[in-house]
Each structure stands twice: as C-alpha cells, then as structure tokens.
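Read through the structure below, which is laid out as structure tokens, and then see the notes.
Everything numeric here is computed off the predicted structure, so don't read it as measured data.
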Amino acid sequence: DEGTIAQAAERVLHGQLPHLDFTDPYAGGLAYVHALAMHVFGVSLMAPRFALFIAFVLWLPAVWWLATRSCGNRWAVVITIVAAWWSLPMYPGAMPTWYLLFMGTWIVVALERWHASRHANWLAVVGVLCGLAVTVKQTGLFLVACALVTPGKSLDQVEVPSVKKKLKRVDFARNVNREDILNGTA
C-alpha cells in the first residue's frame with residue numbers, strides 16, 4: 001500500500017496528474033499532500049509518514065477538546081493518551097483512512113462549535129473538511145453524509161405531536177401501517 005501511495009506522490013511531484021496520467025487507487029488529493037512532503041523531506045517512503053505525523057499531531061487537540069466536553073480535564077488527558085497510543089504507533093503507514101479519521105474528528109469539533117454558537121463560519125469549516133475528505137478517499141463521502149445529519153436531532157428529542165402531524169402526509173413513512181403507530185402496536 002505505501003509503495004502505491006509513494007509512487008502516486010512521486011508522479012505528482014514530477015508533474016503528472018492522478019486519474020489522467022496514471023491510475024490512483026484513491027481519490028487523488030492525498031497524492032498532492034504526499035508530493036509536497038516529498039518536496040520538503042526528500043523522495044522516500046518516510047516523507048508521506050512525516051506528513052501523516054504532522055496531521056496526527058494536529059488531530060490530538062481535537063480529541064482532547066471533545067473529551068473535555070464529555071468527561072472533564074482529567075479523563076480527557078487519559079483519553080487523548082489512549083487515542084494517541086492506539087492509533088498511529090500501531091500502524092504508521094500513511095494511509096488515507098488515517099486522514100479521514102483526523103478530518104472526521106475535526107468535523108465533529110466544528111459541528112459541536114456550530115451547535116453551541118450558530119456561527120456560519122463553523123459550517124464553512126465543516127464544508128471545507130468534508131470537501132478535503134472526499135479528495136483524500138472516496139469513502140470521505142460518509143463524513144459528508146454524517147455531517148448532514150444534525151447531531152442535535154436524536155430520537156429522544158423527537159416529539160410525538162410532530163410525528164402525528166407528519167403521519168398525515170402520504171410521503172412520510174409511506175410503508176408504515178398508520179394504525180399500528182396510532183394504536184401503539186408497532
């Protein structure tokens with residue numbers, strides 16, 4: 001895997017374009033990041049790992065911030081250390097999935113900040129991160145889909161009157177037996 005990733009980066013470094021001049025098994029965007037790493041650190045298999053390490057270091061504050069929101073400072077330190085220990089040191093290959101994990105965590109941070117402040121800037125950050133995720137790997141579309149689901153609208157916050165009102169519409173839950181829901185037998 002790393003050889004394929006490094007080859008794509010080296011080809012971009014020499015001016016070739018992913019999916020046009022050569023086949024890239026991923027979306028193509030990561031080849032540019034790794035090509036930049038090869039430009040800075042030299043052409044080797046270590047250059048993409050250096051880029052990954054930088055992304056890893058930038059990810060840790062997001063893990064810590066989310067953990068402090070959930071369980072306080074002491075546990076946040078423990079959670080961040082565990083996350084750091086059970087992630088990159090276990091498999092330090094510069095695989096696109098690592099970048100998706102890092103971006104996904106920052107997307108959650110930005111969504112949390114947006115829910116707290118309602119500042120549109122945070123939604124812009126979410127959009128940029130989702131766009132970057134898709135350029136790294138096609139499965140970055142799952143991050144886009146998750147970002148589109150508003151976290152504040154969980155099932156425990158759904159109110160019965162609003163569901164009953166929507167049940168009157170034919171297109172809402174069209175395959176559900178309305179009588180079962182109204183009688184509570186579903």
Side-chain angles (χ1 to χ4, degrees), residues 1-14 18 24-117 119-148 151:
D1 288 340
E2 284 189 283
T4 303
I5 289 170
Q7 181 194 32
E10 190 172 5
R11 292 179 86 158
V12 167
L13 189 63
H14 294 298
D24 189 348
Y26 300 106
L30 195 55
Y32 289 95
V33 172
H34 290 158
L36 176 63
M38 286 185 172
H39 178 73
V40 172
F41 300 113
V43 178
S44 74
L45 285 174
M46 288 304 294
R49 287 185 176 197
F50 292 146
L52 178 66
F53 183 74
I54 292 168
F56 170 74
V57 169
L58 294 172
W59 170 67
L60 292 175
V63 173
W64 180 82
W65 188 85
L66 287 171
T68 58
R69 302 275 298 172
S70 301
C71 50
N73 285 336
R74 285 186 185 172
W75 281 107
V77 169
V78 172
I79 289 169
T80 305
I81 290 170
V82 168
W85 183 256
W86 278 348
S87 58
L88 207 58
M90 297 297 174
Y91 184 72
M95 301 306 295
T97 308
W98 283 124
Y99 292 93
L100 291 182
L101 171 69
F102 302 157
M103 284 187 266
T105 306
W106 277 107
I107 287 169
V108 172
V109 168
L111 284 170
E112 180 70 25
R113 294 301 305 137
W114 176 75
H115 276 284
S117 68
H119 289 283
N121 295 352
W122 290 111
L123 288 180
V125 170
V126 170
V128 167
L129 288 171
C130 285
L132 289 173
V134 172
T135 66
V136 167
K137 191 175 178 183
Q138 295 86 337
T139 53
L141 287 170
F142 289 114
L143 295 178
V144 175
C146 290
L148 292 174

Side-chain polar contacts of residues 88-105 - donor-acceptor pairs under 3.5 angstrom, sequence neighbours left out - could you list them?
residue	atom	partner	partner atom	Å
Thr97	OG1	Lys137	NZ	3.0
Trp98	NE1	Tyr91	O	3.0
Trp98	NE1	Gly93	O	3.3
Tyr99	OH	His34	NE2	3.0
Tyr99	OH	Leu52	N	3.2
Thr105	OG1	Trp59	NE1	2.9
Thr105	OG1	Leu101	O	2.9

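Shown here are the side-chain contact (heavy atoms from CB on, under 4.5 Å) partners of Val57, two or more places apart in sequence or in another chain: Phe53. Not counting sequence neighbours, Tyr32 has no partner by the ring pair (Phe, Tyr, Trp, His ring centres under 6.0 Å) test. In this structure Gln7 satisfies the side chain to side chain donor-acceptor pair (under 3.5 Å) test with no other residue, sequence neighbours excluded. Every residue was checked against the salt bridge (Lys or Arg N to Asp or Glu O under 4.0 Å) condition with Arg11, not counting sequence neighbours, and none meets it. Among residues two or more places apart in sequence or in another chain, the ring pair (Phe, Tyr, Trp, His ring centres under 6.0 Å) test is passed with Tyr26 by none. Among residues two or more places apart in sequence or in another chain, the side chain to side chain donor-acceptor pair (under 3.5 Å) test is passed with Arg113 by none. Shown here are the side chain to side chain donor-acceptor pair (under 3.5 Å) partners of Glu112, two or more places apart in sequence or in another chain: Arg69.
Within the structure, the salt bridge (charged side-chain N to carboxylate O under 4.0 Å, His left out) test picks out no pair touching residues 71-94 (sequence neighbours left out). Judged as a salt bridge (charged side-chain N to carboxylate O under 4.0 Å, His left out), the pairs with a partner in residues 41-55 (not counting sequence neighbours) are, in order, Glu2-Arg49. Among residue pairs with one or both ends in residues 87-96, none qualify as salt bridge (charged side-chain N to carboxylate O under 4.0 Å, His left out); sequence neighbours excluded. The stretch residues 24-44 participates, sequence neighbours left out, in no salt bridge (charged side-chain N to carboxylate O under 4.0 Å, His left out) pair at all.
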